[in-house]
2 protein chains.
Amino acid sequence: MRIGEVAALAGVSVRALRYYEEQGLLVPERSASGQRRYSHEAVDRVRFIQDLYAAGLGSKAVLQILPCMEHGGLTAEMHERLLAERARVQAQLEALTATRDKLDDVIRMGRENHAGQARRAGQAARATAS
Amino acid sequence: MRIGEVAALAGVSVRALRYYEEQGLLVPERSASGQRRYSHEAVDRVRFIQDLYAAGLGSKAVLQILPCMEHGGLTAEMHERLLAERARVQAQLEALTATRDKLDDVIRMGRENHAGQARRAGQAARATAS
DNA sequence: CTAGGACCTGACGTCGACGTCAGGGGCAAG
DNA sequence: CTTGCCCCTGACGTCGACGTCAGGTCCTAG
């Protein structure tokens, strides 16, 4: 496939794909004239890269994690990295859950104030202090 | 409290607090000589700001959400914003959970490959394609 | 053969949440 | 009074994941 098709299928920009290549995350073949030729699996790979970015991982971390997707083998270093990043993601999940609950509290209190006209305003601040 | 104390208690930099003020997120009193004087609740407020930033909200969103913490009342606009951001956070939570599970798959497959020497390498890529 | 879309390589621009440096004031202790 | 630490206001630097523009090439349809 050519770069435009991959971009469309994966839902990213052409520039992003060139950037991934710059970072060594997705290095395609080249046609005789120098155009990039991507394999079919590249699309899934791009989606996974996006997921990792969305999870707060940087190119460096992604670069250390990605090889095992097609290679299948895990270096000890890669294993470490995977566990570390999984822990990071897990921590982020917990923090995010707490924040969501705080938002829910605020929303709920907003409704109550609309309904019952609560007097003290400091309650929200106190509710957010875990 | 002075700025350094708040920074230490909230675990952020002094620069960050000045930045929050720039953004209108946390506007302290001033002493006669122009030094910032923060109320005690500022610390919790800063922590909440950090949580919101960590949840991917920008200053603009935080600015629209924060007032209700001490003010207690909800504009219709603020309510909209709260619901929207809650939805964003929730979506991010689900995406993050999926990514964590993918990471777990990769880790598990790494262990299996270490143990049993699986043949086909494409399985990882296929596992990540939801 | 030619138009026009897709592709190429640089290389500079962007945006947000600060970091950092420069240059100068405030204030409590000794 | 001066030492030393904290504070002040600009204002430029940073970093990552691209966006965007310039100037040129490729290739496919008509």
Side-chain angles (χ1 to χ4, degrees), chain A residues 1-39 42-43 45-66 85 88-89 92 95-96 99, chain B residues 1-39 42-43 45-66 85 88-89 92 95-96 99:
Chain A
M1 314 169 74
R2 295 194 302 176
I3 194 171
E5 197 175 351
V6 177
L9 289 177
V12 303
S13 71
V14 166
R15 176 67 173 96
L17 295 179
R18 297 207 186 99
Y19 176 72
Y20 295 164
E21 183 176 358
E22 243 177 84
Q23 304 303 307
L25 302 178
L26 180 62
V27 182
E29 305 288 308
R30 295 289 187 139
S31 75
S33 64
Q35 296 204 350
R36 293 170 177 83
R37 291 301 144 115
Y38 292 88
S39 70
V43 177
R45 195 181 171 94
V46 169
R47 291 198 178 120
F48 188 51
I49 292 174
Q50 286 279 308
D51 289 343
L52 293 179
Y53 277 147
L57 305 183
S59 302
K60 213 177 88 187
V62 176
L63 187 53
Q64 284 192 315
I65 285 180
L66 263 182
E85 296 301 343
R88 273 173 46 90
V89 170
Q92 199 178 341
L96 221 58
T99 300
Chain B
M1 312 171 76
R2 295 193 303 176
I3 195 171
E5 197 176 352
V6 177
L9 288 177
V12 304
S13 70
V14 166
R15 177 67 175 96
L17 295 180
R18 297 207 187 100
Y19 176 71
Y20 297 164
E21 184 177 358
E22 242 178 85
Q23 302 304 305
L25 302 179
L26 182 62
V27 183
E29 304 289 308
R30 294 291 186 137
S31 76
S33 64
Q35 297 204 350
R36 293 170 178 84
R37 291 300 144 115
Y38 291 88
S39 69
V43 177
R45 195 182 172 95
V46 169
R47 289 198 179 121
F48 188 51
I49 292 175
Q50 286 279 306
D51 288 343
L52 292 180
Y53 277 146
L57 305 181
S59 301
K60 214 177 88 187
V62 176
L63 186 53
Q64 283 192 316
I65 286 181
L66 263 183
E85 297 300 344
R88 274 174 45 88
V89 170
Q92 200 179 340
L96 221 59
T99 300

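So you know, we letter chains A, B, ... as the sequences are listed, proteins then strands, and number each from 1.
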| message | Taking the basic N atoms (NZ, or NE/NH1/NH2) and the acidic carboxylate oxygens, is any pair closer than 4.0 Å for B:Glu22 and B:Arg15? | response | yes
| query | Does DNA chain D take part in any stems of at least 3 consecutive Watson-Crick or G-U pairs (both distances under 3.5 Å), and if so, which ones? | reply | C:1-30 with D:1-30
| field | Euclidean distance, atom CD of residue B:Gln35 to atom C1' of C:dG25 [Å, nearest integer] | value |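 Atom CD in B:Gln35 sits about 9 Å away from atom C1' in C:dG25.
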| Under 3.5 Å, side chain of B:Arg88 to main-chain N/O of B:Gly56, donor-acceptor pair present? | yes
Categorize [X] for me: base, sugar-phosphate, or nothing, with a 4.0 angstrom heavy-atom threshold over every strand shown.
X: A:Arg37; value: nothing
X: A:Leu57; value: sugar-phosphate
X: A:Ser59; value: sugar-phosphate

Distance from [X] atom [atom1] to [Y] atom [atom2], nearest 0.5 Å?
X: A:Phe48; Y: A:Ile65; atom1: CZ; atom2: CD1; answer: 7.0 Å
X: B:Gln50; Y: B:Tyr20; atom1: CD; atom2: OH; answer: 3.5 Å
X: A:Leu26; Y: A:Leu66; atom1: CG; atom2: CG; answer: 8.5 Å

| With A:Arg36 via salt bridge (Lys or Arg N to Asp or Glu O under 4.0 Å) - residues at least two apart |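 In terms of salt bridge (Lys or Arg N to Asp or Glu O under 4.0 Å), with neighbours along the sequence ignored, A:Arg36 is linked to A:Glu21.
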| request: Tell me, with the steps shown, if A:Arg2 and A:Gln35 meet side-chain contact (heavy atoms from CB on, under 4.5 Å). | output: CA-CA 8 Å; A:Arg2 295 194 302 176; A:Gln35 296 204 350; 3.8 Å; yes
| request: Tell me, please, which residues at least two apart from A:Leu63 pass side chain to side chain contact (heavy atoms under 4.5 Å, CB included). | output: A:Leu25
| field | Set of residues satisfying side chain to side chain contact (heavy atoms under 4.5 Å, CB included) with respect to A:Gln92, sequence neighbours excluded | value |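 So A:Gln92 forms a side chain to side chain contact (heavy atoms under 4.5 Å, CB included) with B:Gln92, B:Leu96.
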| request: Using the heavy-atom set of chain A and a strict 4.0 Å cut-off, write down the first and last nucleotide of DNA chain D that makes it in, 5' to 3'. | output: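 The footprint of chain A covers D:dA17 to D:dC27.
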| task | Check step by step if side chain to side chain donor-acceptor pair (under 3.5 Å) holds for A:Tyr53 and A:Ser59. | result | CA-CA 8 Å; A:Tyr53 277 147; A:Ser59 302; 2.8 Å; yes
| query | In residues 2-23 of chain A, which residues come under 4.0 Å of DNA chain C by heavy atom? | reply | A:Arg2, A:Ile3, A:Gly4, A:Arg15, A:Arg18
